[in-house]
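Heads up: the structure comes next, in structure tokens.
Every number for a ligand or one of its atoms is a count from 1 in the order of the listing. Numbering starts at 1 and runs along the sequence shown.
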Amino acid sequence: MEEKASTAIAGISHDRDSIINLDHGDPTMFEPFWKEIGDSATVVIPGWQKMSYFSDPRNLCWFLEPEFANEARRLHRIVGNAVTDDRHIIVGVGSTQLIHAALFALASTEARQPVDVISAAPYYSMYSGIADFMKSGMFHWAGDAATFNGDDNFIELVCSPNNPDGEIRHAVRGNEAGKRVHDMAYYWPQYTPMRHPADHDIMLFTVSKATGHAGTRIGWALVKDAEVARKMAKFIEMNTIGVSKDSQVRAAKILKVIAEGYELPDLEAGSKFFHFGRCLLANRWQRLRQAIKVSGRFSLPQFPSEFCMFFKEQAETYPGFAWLRSEDQTIEDLEVFFKTLNILTRNGRQFGVGPEYVRVSMLDRDANFDVFIKRISSLE
Ligand code: PMP
């Protein structure tokens, strides 16, 4: 059926048998860096180690491995992307679990009505599902923060840089009494200039997008308020009785290797992870923008270059996703259009906007990205 549809689109000449899945943001593009690094990022855990449930019984987050917490703080200090002083670290099974935990911690168990969960469109497609999945009586999804007209009883999810469009975001409902969670999964130097250390009440990070280790399933929250932090830890206790120590040890090692790439003076240039990531993304964005320009059918967001406090120079923005918009009157549903090219993308509707938009992962392996560029370049 897809093949039939594709014959209706003029000018596609090459083989389209293989399906390229750029729907998910699977960050496999970072694999070559870790291959090159080799054994120095390898972790070995003897059979008798890390057996207990407990990591640090004195910490309110008793399942947080101290070495992971230390490495997370160290990397934030080197990169300058977040304030960690006087913050509690809560580790989670990816930042996905921490979004659930933050909603639980900010909503009231006593309230008669569920609190409204909002985020400005286009918003990360998982937010609505996360808010409504358990049909909780404590919170529910209430849609686009920009058009929300409820009262002060809300939680705004602020994703910055934003998934899907890469914009730097501030809370839309900034001055009101509601509560906020800042999802900073992409606030790392390979994606965007580091402007200043972020200093919000709850900030979420994840190794998935920071280092590419999505399979390790480790995220962390920097939380100002002890009571909120305690409730988040309680949620994780009730949900998974803590977070894999093995994964935390691996994540600690990965963060440490990145930190050493910048702190140890005698390491060669090839061991600088953020330089590697930025260089690869810069090349991909340059090729994508060129292909889009030639085709004339789509548009992409534009970003001003800004001074990056980490690279100490003017730097461009290279988001982890391309947020494509159809500029062709004959293409109403861009996801359907890309399907005819055997390229899977995520429909704008899932982000609270129209089907003239799609999100395309920029984080896949080179081979898949090359096919994607080849296919859009062959459109007439
Ligand atoms: N927040 C944002 C904005 C994301 O893009 C993702 C991953 N796609 C997550 C949270 C969740 O990441 P993980 O659970 O892998 O840490």
Would you call the rings of [X] and [Y] parallel, tilted or perpendicular, where under 30° means parallel and over 60° means perpendicular?
| X | Y | value |
| --- | --- | --- |
| H213 | W34 | perpendicular |
| F273 | F30 | tilted |
| W188 | F205 | perpendicular |
| F54 | W62 | tilted |

Minimum-distance protein heavy atom relative to [atom]:
| atom | value |
| --- | --- |
| atom 6 (C) of ligand 1 | Y124 OH, 3.3 Å |
| atom 14 (O) of ligand 1 | T96 OG1, 2.5 Å |
| atom 5 (O) of ligand 1 | Y186 OH, 2.6 Å |
| atom 12 (O) of ligand 1 | S95 OG, 3.4 Å |

Identify which of T216, D183, I218 has a heavy atom lying nearest to atom 1 (N) of ligand 1.
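Answer by nearest heavy atom: D183.
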
Using heavy-atom distances, let me know which of L98, I130, T206, N163 sits nearest atom 16 (O) of ligand 1.
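The nearest heavy atom belongs to T206.
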
Do N153 and Q113 have a side chain donor and acceptor closer than 3.5 Å?
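No.
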
Which atoms of ligand 1 sit under 4.0 Å from any heavy atom of [X]?
| X | result |
| --- | --- |
| C159 | 3 (C) |
| R217 | 13 (P), 14 (O), 15 (O) |
| S208 | 13 (P), 15 (O), 16 (O) |
| K209 | 7 (C), 8 (N) |

Is the NZ or CZ atom of R278 both under 6.0 Å from the centre of the six-membered ring of F311 and within 45° of that ring's axis?
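Pair R278/F311 counts as cation-pi.
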
State, with a plain yes or no, whether a side-chain heavy atom of M29 is found less than 4.5 Å away from one of D366.
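They are not in side-chain contact.
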
Given side chains that start at C-beta, do those of F148 and D116 come closer than 4.5 Å, heavy atoms only?
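Contact flag for F148/D116 side chains = yes.
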
Would one find an N or O of Y127, backbone or side chain, under 3.5 Å from an N or O of ligand 1?
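No.
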
